[in-house]
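This is a predicted model, so every value here is computed, not measured. The basis for the numbers below is simple: all heavy atoms, side chains too, and nothing from hydrogens, waters or symmetry mates.
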Amino acid sequence: MMKHAPPFWQSSIAQLLGFVGGWLLISYTTLTPMAQLPAVAGSDKLHHVLGFAGWSLLCVFGPRKRFFVMALFIFLWGGAIELIQPSVNRYGEWADFFADGVGVLLVVTGALFVSRASNKASP
């Protein structure tokens, strides 16, 4: 029997595009020098959680092992951003790094849960 290829959104290429696109977006928005930080609605920490969870979600569909490597990079990049930000007239805060990690961890936990549930359901 012939095996069908997964849909594009579950492919390695889509996963890589999501990773690179997320990296570009997060890096641009967090490392662009600014004279003054813009006022935005909501909690800054919530924005970090959502941003890094969103980036992780862009990578979750595709090879599982590669996703976990990408998630580790995403988490570490959050720390690197906080170290770089003072040199581009931004504030580096370890609480932001913690919030980034929470966002990544939410998606990793969800991916593990879904993976284990689907393994139990398959014969």
Can you name the nearest heavy-atom pair linking Gln15 to Pro63, along with the distance? OE1-CD, 3.0 Å
Test side-chain contact (heavy atoms from CB on, under 4.5 Å) applied to Thr30 and Trp77, step by step: CA-CA 11 Å; Thr30 60; Trp77 186 243; 5.6 Å; no
If I compare all heavy atoms of Ala71 with all of Val108, which pair ends up nearest, and what's the gap? CB-CG2, 3.6 Å
Interatomic distance, Phe19 atom CZ to Phe73 atom CZ [nearest 0.5 angstrom]: 4.5 Å
State, with a plain yes or no, whether a side-chain heavy atom of Phe52 is found less than 4.5 Å away from one of Val107. no
Answer yes or no: does atom CZ of Phe8 have more than 12 heavy-atom neighbours from other residues, nucleotides or ligands under 6.0 Å? yes
Phe67 CZ to Leu57 CG distance, which is reported to the nearest 0.5 Å: 7.5 Å
Looking at Leu83, I want to see if its CG is surrounded by more than 12 non-hydrogen atoms of other residues, nucleotides or ligands under 6.0 Å. yes
Just by modelled atom types, is the Ile26 backbone N or O under 3.5 Å from a matching donor or acceptor in the Thr29 side chain? yes
Before you tell me yes or no, could you show the steps for Phe75 and Phe97 under ring-ring contact (aromatic ring centres under 6.0 Å, His included), namely the whole-Å CA-CA distance, both residues' side-chain angles and the distance that decides it to 0.1 Å? CA-CA 8 Å; Phe75 171 70; Phe97 177 48; 4.8 Å; yes
State, to 0.1 Å, how close Cys59 and Gly18 come at their nearest heavy-atom pair, and which atoms those are. SG-C, 4.2 Å
What salt bridge (Lys or Arg N to Asp or Glu O under 4.0 Å) pairs are there with at least one residue in residues 95-104, not counting sequence neighbours? Lys45-Asp96
Determine the minimum heavy-atom distance between Leu31 and Val88, stating which atoms define it. O-CG2, 3.6 Å
If you draw a 6.0 Å radius around CZ in Phe98, do more than 12 non-hydrogen atoms from other residues or ligands fall strictly inside? no
Any pair with a residue in residues 47-72 that passes salt bridge (Lys or Arg N to Asp or Glu O under 4.0 Å), sequence neighbours left out, goes on the list, sorted by first then second residue, please. none
Shortest non-hydrogen contact between Val60 and Ala111, atoms and distance: CG2-CB, 3.7 Å
Measure the shortest side-chain to side-chain distance between Asp44 and Tyr91 over non-hydrogen atoms and say whether it is less than 4.5 angstrom. no
